[in-house]
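Here the structure comes first, spelled out in structure tokens, and everything after it is commentary.
Every chain is numbered from 1 and lettered A, B, ... according to where its sequence line falls, protein lines coming before strand lines.
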Amino acid sequence: MNWLIGAVLFLVLAPIAGGLIAGIDRRITARMQGRVGPPLLQPFYDVGKLFEKESVVVTTAQNFYVLAYLIFIALSGALFFAGGDLLLIIFAFTLAHVFLVLGAYAVHSPYSHIGAERELIQVMAYEPMIILAAVGLYMVSGSFYVTDIVTTTIPAVLYLPGVFLGFATILTIKLRKSPFDISTSHHAHQEIVKGITTEFSGSTLAQVEIAHWYENVFLLGFVYLFFAWNPAIGIIAVVVTYLAEVFVDNVTARVRWQAALKSGWFAAVIGIANLAILSYMMLGGA
Amino acid sequence: MTVREEQTIIDVALENLTREVERVHADGYRLVQIGCTDLGGSYEVNYSFDKGYQFKNLRLTIGPEAEVPSISGIYWGAFVYENEMHDLFGIPVTGINIDFKGTFIKTVEKYPFSVTRKGGDSCRNA
Amino acid sequence: MGIFQMTKTVLRNLFGGPATRQYPAVPARTSSLTRGHVAFEPSTCRSCGICSRRCPCEAIHLDKEAKVWEINRMRCIACGDCVEGCPFGSITMEQTYLPPVVEHVVERYTITYVKPEKPAKKPAEESTGA
Amino acid sequence: MAFLKRSPWILHYDASSCNGCDIEVLACLTPLYDVERFGIINTGNPKHADILMITGGINEQNREVVRNIYEQMPEPKVVVAIGVCAATGGIFRECYNIVGGVDKVIPVDVYVPGCAARPEMIIDGVVTALSILEEKRAKMSGAAQMKDDARHAEQAGEST
Amino acid sequence: MPERIVVPFGPQHPVLPEPIHLDLVLEDETVVEAIPSIGYIHRGLERLIEKREFTEYVYVAERICGICSFMHALCYCQGIEEIMKIEVPDRAKYLRTIWSECSRLHSHLLWLGLFADGMGFENLFMRSWQLRESVLDVLEDTTGGRVIQGTCKVGGVRRDIGAEKLDEMHRALDPFEEQCRELGDIFLNDDTVKYRLQGLGVISKDEAYALGAVGPTARASGVAMDHRETGYAAYGDLGFKPVVETAGDCYARCAVRVKEIYASINLIRQAIDQMPEGPLDVKVKGTPDGEYFSRVEQPRGEVIHYLKGNGSKHLSRARIRTPTLANIPPLVKMLPGAQLADVPVVVLSIDPCISCTER
């Protein structure tokens, strides 16, 4: 029952790994800014604190939506690490974000609503690319199942450089990093306050935070798929990709949502071009 | 290249105000500020203009009841000063382009600088 | 390179170590002129009252009869006007800052200056309270 | 379980200060002082904040704003008044539009003296506030007490 | 027909440390109309003149604003000195110039930081404020206060800067300038910064002049107006030219301030080189009787202190017109058409100092 072990391990370990990654991220960011930065375990303190706080419930629907968001994010991650179908995983993943947007819409705050709108724009921006990434991996490995993609011996990234580049671009959106941290951001100040999470507080916000951890681990897992033929290279690639994201976060200003949308689709265009060339080569070769 | 700054003050009557301001505007002056002074029985309103560091003041002296026409039709930006004039001094200004109607600066005491204010400005936190 | 203009600064920060002054571990940076807080020497004060008249915040209160000099720490802006004005050097500016408090502080000193003889040195009475 | 002490999130509001204390509060976030070392984040969102830092005295128009922000913050929370203006109105005390210190509108837990308060003093103020925050949390998780009770009791416990 | 929503912007808002309130009418995310409302920090400082003697009021003038604190005191003192016909010693004038320019440096660096923060460029914010700390250290070493200096007084200055300290400052200027230029290059050349700033909040030269814009806001639109040209304090002796840009957008306003930082460093260098010896102050006798509009160029633009004395120890009127108040009409004209994401950037581009504005 390998798949069950993978799923359970993910559900248990991902929050720990995600929190640690967030902690490392914050420390590196601080160093890049010439500061000392918070303790490594700071994200855990934050979430722990949020559970200690009084929960100001604006509407009960909000709690339901946020919980659903957490569950679906965890589910998509679990499916992924269980070696499930990529398309199903992406569907669950998208559904999770729909719940988050609904949660933000459930409260009456203009900032929250604008944040929700921008989150939807983000979904539109990254969705094509994420599907293309799945298609690309399918073309290389011949399967949509993560189990098959991981066990393939073909160096996927060599066939899919454009897809990987596009995926790295939308990764910036997904990790909520500058320049695309338009709907909410982990640090810094924003014109829409905290955007989509403005009205969440206490344990609700903590759930959003944990969902982010799951999400980040899942996304890094996705990055690994491109390098899956060699685990060592894969892990290095994941680390380097993440560090590059942190670096980009620190050397750019936030752009407007129009640019985020354009960048997402531009990434998709690169991806499509890559796939077109690939299929031409494969057809030619066949 | 130091420019010597000069300051001139010209008294104007209320009925000539708009005309005088228009003339200053036509001369290419920019509006620097509008400020009032409470003379204890009447107000002194200074319309200050500047062109190349030459400082020109139109001085209007009015009684507490007089209404002042807005110059925001000539200098669009005059509304900030005119609203302030209304909120702090209680001088009615007519025809401001963006009239906040007394909400530009909210004060506990109404018209804290007005001539009709007598005593009553005790320090409440002593 | 237009897009990663800040790279140099970021890399220098990353590898050059943080610029942070580790405050509670390292004492606060002050200079000889730093206006921290006003200190009072009760043994030299001749109750002239210049300080309390000059104070722009009315933080200083002098009771000549009771020989009490008070400073309301919650009003004092540490401008140093009283220090400059004091003809007897009873008020000085200290470089250290006052710690945060949980309620208003009025410091009260009893003036111990004795008129013709040498100023007697008595320990300053100090009480804290709102 | 004292996570609260390790992760105080700050909300800063400028009531009617001269900017002196405001910029010093912001300076606390910057590399030389870096309060993130203590897990402090400036959230800018009352719903996420634990510590409300107020600079400047209360005037007529911001009175409601300050109260509103305070009420939006979830319990437990503390208020730190920064600078003498926030304590009593300072040099502006006698102005016609100044009502007085922040404590005229909402309960204040810590006063940081100074004009302008320095970043080091502000850090000290936050550290003082943390222990009060912890006490409030302990009260909250204890017997179901009225919020007002907790507020009074905490003042008695502050004399350390 | 896009839906119109009204978004209240401020008074408590993370991007703006100060409470300014704007009612933004949005169509999707585009601003159609912006109505500012102020008054959240109105204190009524002008009337404090009734309670403070004219020499004591300097302390109040300093606290009109904690960022341009020294310049407010300077403007006030120069006004009184003009009314009372006091000739300030040369050394005091030079010291005033040095402190003014230090204040400008710290104010501009502070603004650059906030501006970067408004664009979501957190690292640049940190870097600007890190550089600003070295200016604050100099200010603290020479005046005793980081943000409120308290050294200007009617008739001169209260403190001297020793020859040794002047030397040290002079030596520190070169490395400091280098760091500032590196910072300035990021603001002026980074693509994401340019993307956010160029073509945003454009105001033409004629418009800027007609709306009464002052300071960097006016100079960025090509209006060459800088009060330092009138040669108050020691500016008359120093080579000085206003920094002017022509584009009139947020990028130009940023560029003006960046270049003013270099200009300020240069001015400080010159002032230290030419520093005359002599007394620091003259004794102030009598009381002011008369009126004067004292004008000084602050980091944000021209500030005016209208002072009117009646021969008693208390002035009869002090009217303070601060640069931000004059820049509000241009701001109201700049906002429509901007994206919601750009609102903080546009608002910050005039360098609003609400505390000054509302006094």
Measuring heavy-atom distances to chain E, does D:I23 have an atom under 4.5 Å in its side chain, in its backbone, in both, or in neither? both

What part of E:H106 lies closer than 4.5 angstrom to a heavy atom of chain D: side chain, backbone, both or neither? side chain

Does one side chain, of D:H12 or D:N42, offer a donor that lies under 3.5 Å from an acceptor on the other? no

Given that the side chain runs from C-beta out, which part of D:C115 has a heavy atom under 4.5 Å from chain E: side chain, backbone, both or neither? both

Determine, for E:F54 and E:K313, whether the Lys NZ or Arg CZ falls below 6.0 Å from the six-membered ring centre while staying within 45 degrees of the axis. no

Quick one: what part of E:E56 sits under 4.5 Å from any heavy atom of chain D, side chain, backbone, both or neither? neither

With side chain to side chain contact (heavy atoms under 4.5 Å, CB included) as the test, pick out the partner of D:V110 among D:V79, D:V80, D:V78, D:L130. D:V80

Would you call the rings of E:W129 and E:F125 parallel, tilted or perpendicular if under 30° counts as parallel and over 60° as perpendicular? tilted

Report the option among D:V25, D:N68, D:I58, D:I91 that has the most heavy-atom pairs separated by less than 4.5 Å from atoms of chain E. D:I91

Taking E:R104 for the side chain and E:E297 for the main chain, is one N or O donor matched with an acceptor at less than 3.5 Å? yes

